[in-house]
Amino acid sequence: MGALQGSLKTLNDVREEVEANVRSKDTHRVSHILEIIMGGALALGASDVHLEPEESGVRMRYRLDGVLVEVLSFDRATYSLMSSRLKLLSGLKLNIKSAAQDGRFSIDINEKEIEIRTSVLPGAYAETIVMRLLDPSTLALSLEILGFDKYLIDIFNHEVAKPNGLILNTGPTGSGKTTTLYAFLKRVHRPEIKIVTIEDPIEYHLPGIVQTQVSKDYTFAQGLRSTLRQDPDVIMVGEIRDAEVASTAVQAALTGHLVFSTLHTNDAAGTFPRLIDMDVNADILGAAVTVAMAQRLVRKLCPECRETRPIVGEDKRVTDTLLKNIPHADELPKNHEMMWVAKGCEKCGGFGYKGRTAVVEVILMDPEIEKTVRTSSSERDIWRAAKHQNIRRMAQDGIVKVLQGVTSLDELGRVVDLNDPVMLENI
């Protein structure tokens with residue numbers, strides 16, 4: 001597999017190798033095809049492999065830097081053999097085709113273990129299979145590498161040093177929330193403190209930390225209650241999904257524990273009404289929550305082929321709006337008239353982007369936020385109360401990265417609403 005991974009440098013290489021093996025009469029062709037698919041995914045840095053049966057064949061796509069890219073289509077007969085092979089590898093039942101199944105397997109490449117999570121869903125033509133690749137070498141565990149600006153790193157260094165409190169990271173699935181929480185865990189990890197995590201599933205194994213995985217008999221709520229009996233100093237809860245987990249996490253933060261967790265909301269201000277909606281008393285949020293943050297991932301421009309372009313027209317209007325009164329303006333690049341755009345070259349596979357970085361916004365708990373949360377569940381009011389904290393909104397964090405040449409304005413607009421009226425009236 002390691003040698004194969006080295007020979008697969010482009011999507012076209014993967015396409016040609018798979019097609020050659022599909023036509024082959026070799027009895028081991030299915031195993032070879034799977035090796036090519038996984039080797040190509042690892043070589044190109046794909047996070048997921050999607051196998052999607054359609055009426056005329058089966059479509060295969062890679063998720064590269066958060067965007068699905070079609071690789072090729074092949075016949076249903078080959079896919080039938082592949083799906084059986086994948087089910088066997090993943091420990092799934094071959095005779096069940098009308099229910100969802102989840103499994104996992106691992107492969108060793110160059111003395112490195114890559115874990116693969118398999119999800120199977122029944123479909124109109126055949127089962128759809130998605131494989132998520134968990135490569136420990138791709139886990140960037142420092143806030144600097146993740147794309148946090150210096151002033152944000154200073155904020156988090158101060159907040160994670162506190163002995164107790166609830167730090168919540170919000171955003172949609174796949175926005176890098178858990179990776180950021182791992183970075184926080186690395187920041188606080190010391191031999192004299194006990195850290196316990198409750199995850200679904202454990203994606204990356206961290207030495208010196210007790211990691212537990214939820215199951216049908218071990219839910220987030222049960223895990224959190226049991227964890228508190230283990231005398232931890234720091235707890236990471238993979239996700240707050242219901243009122244019971246929310247209540248227990250808040251109580252843990254109020255009783256001397258530092259708690260990290262994630263929540264599904266659109267922005268940082270949405271954290272507070274979401275917790276209140278989960279029956280957490282608004283009067284105790286001020287004492288429990290220390291940080292509410294939100295993040296998205298944007299693709300980074302390929303440094304080999306990116307090009308500069310003047311900022312004009314609608315782009316200039318958007319840029320000028322976001323830069324007006326932007327906090328920490330002294331850290332901005334001097335030239336606000338030019339920006340970088342994607343081009344595409346051999347190094348980035350013709351996409352113009354390679355890798356991803358975070359765009360972030362933060363609200364810190366202080367007397368103004370505490371008072372607002374007690375009297376209003378309006379996100380507008382919460383953002384208005386947070387304005388004095390002098391922290392950039394997510395769109396502003398992104399526009400700085402556009403001016404720095406880290407990403408493009410088009411890419412930022414793909415993941416962040418640059419014309420959100422609530423954001424615009426509070427910047």
Side-chain angles (χ1 to χ4, degrees), residues 1 4-5 14-15 17-42 46-63 68-109 113-135 173-174 198-205 211-223 238-239 241:
M1 177 79 79
L4 183 63
Q5 185 185 350
V14 178
R15 191 175 297 120
E17 287 287 338
V18 172
E19 287 174 345
N21 277 272
V22 166
R23 294 191 299 269
S24 168
K25 302 298 182 187
D26 189 340
T27 53
H28 299 294
R29 69 189 180 107
V30 171
S31 294
H32 292 158
I33 291 169
L34 285 174
E35 284 184 10
I36 294 160
I37 289 172
M38 305 313 294
L42 290 166
S47 60
D48 303 83
V49 178
H50 292 243
L51 299 169
E52 302 161 331
E54 298 175 333
E55 187 174 7
S56 58
V58 178
R59 178 169 63 164
M60 186 186 94
R61 298 193 285 176
Y62 286 156
R63 189 175 288 280
L68 280 170
V69 178
E70 188 159 346
V71 183
L72 81 160
S73 293
F74 49 88
D75 63 281
R76 299 262 293 274
T78 300
Y79 179 65
S80 178
L81 297 171
M82 283 174 58
S83 63
S84 296
R85 178 73 179 139
L86 282 170
K87 281 184 168 184
L88 280 171
L89 284 171
S90 307
L92 304 179
K93 292 176 178 163
L94 291 173
N95 61 331
I96 294 180
K97 296 184 184 293
S98 59
Q101 296 189 75
D102 295 304
R104 60 177 56 210
F105 63 97
S106 59
I107 52 178
D108 290 317
I109 298 177
E113 185 175 73
I114 309 294
E115 193 167 288
I116 294 152
R117 290 211 318 263
T118 309
S119 171
V120 181
L121 282 180
Y125 302 102
E127 292 168 301
T128 293
I129 297 177
V130 176
M131 292 174 284
R132 168 151 287 188
L133 284 68
L134 302 173
D135 181 352
T173 302
I198 308 147
E199 304 175 59
D200 182 22
I202 297 170
E203 294 195 4
Y204 301 98
H205 297 277
Q211 294 176 270
T212 68
Q213 182 168 310
V214 302
S215 65
K216 187 169 65 175
D217 303 314
Y218 181 74
T219 64
F220 276 119
Q222 292 167 330
E239 184 184 341
R241 293 180 179 172

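Reckoned from all heavy atoms, side chains included, excluding hydrogens, waters and symmetry mates.
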**Asked** How many angstroms lie between atom NE2 of His50 and atom CD of Glu52, to the nearest 0.5 angstrom?
**Response** 6.5 Å
**Request:** With sequence neighbours excluded, tell me which residues meet side-chain hydrogen bond (donor to acceptor under 3.5 Å, both in side chains) with Thr118.
**Result:** Ser90
**Message:** Any heavy-atom pair between the side chains of Ile107 and Glu35 that's under 4.5 Å?
**Reply:** no
**Thr78 vs Arg29, side-chain contact (heavy atoms from CB on, under 4.5 Å): CA-CA, chis, key distance, verdict** = CA-CA 9 Å; Thr78 300; Arg29 69 189 180 107; 3.3 Å; yes
**Prompt:** Under a 4.5 Å cut-off applied to non-hydrogen side-chain atoms, are Val14 and Met60 in contact?
**Reply:** yes
**Request:** Would you name the heavy atoms of Arg15 and Glu70 that are closest together and state the gap between them?
**Result:** NH2-O, 4.0 Å
**Request:** Specify the closest pair of heavy atoms between Ala41 and Val49, including all atoms of both residues, with the distance to one decimal.
**Result:** CB-CG2, 3.8 Å
**Asked** Is the closest side-chain heavy-atom distance between Glu239 and Asp200 below 4.5 Å?
**Response** no
**Item:** Residue list, side-chain hydrogen bond (donor to acceptor under 3.5 Å, both in side chains) with Gln211, at least two apart or on another chain
**Value:** Glu199
**Request:** Working to the nearest 0.5 Å, report the span between CD of Gln213 and CD1 of Ile198.
**Result:** 12.5 Å
**Item:** Residues Leu51, Leu86; criterion side-chain contact (heavy atoms from CB on, under 4.5 Å); working and verdict
**Value:** CA-CA 11 Å; Leu51 299 169; Leu86 282 170; 3.9 Å; yes
**Request:** Kindly give the heavy-atom pair with the smallest separation between Ile96 and Gln101, and that separation in Å.
**Result:** O-NE2, 3.4 Å
**Prompt:** So, the side chain of Ser80 versus the backbone of Ala77: is there a donor-acceptor pair under 3.5 Å, distance only?
**Reply:** no
**Prompt:** Can you name the closest pair of heavy atoms from Thr219 and Gln222 and give their distance?
**Reply:** N-OE1, 3.0 Å
**side-chain contact (heavy atoms from CB on, under 4.5 Å) assessment of Ile114 paired with Met38** = CA-CA 10 Å; Ile114 309 294; Met38 305 313 294; over 6 Å; no
**Request:** Mind running side-chain contact (heavy atoms from CB on, under 4.5 Å) on Leu88 and Phe105 for me, showing each step along the way?
**Result:** CA-CA 10 Å; Leu88 280 171; Phe105 63 97; over 6 Å; no
**Message:** Working to the nearest 0.5 angstrom, can you tell me the gap between Ser31 OG and Met82 CE?
**Reply:** 10.5 Å
**Message:** Ignoring hydrogens, what is the shortest heavy-atom contact between Arg76 and Glu55? Give both atom names and the distance.
**Reply:** NH1-O, 3.4 Å
**Request:** Measure the CG-CD1 distance between Asn21 and Ile36 for me, rounded to the nearest 0.5 Å.
**Result:** 4.0 Å
**Prompt:** Between Tyr79 and Ile129, what is the shortest heavy-atom contact and its length?
**Reply:** OH-CG1, 3.4 Å
**Prompt:** Are any of the side-chain heavy atoms of Leu68 and Tyr62 separated by less than 4.5 Å?
**Reply:** no
**Spacing of CG belonging to Leu89 relative to NZ belonging to Lys87, to within rounding of 0.5 Å** = 13.0 Å
**Message:** With rounding to the nearest 0.5 angstrom, report the CG to CD1 distance, Leu34 to Ile116.
**Reply:** 9.5 Å
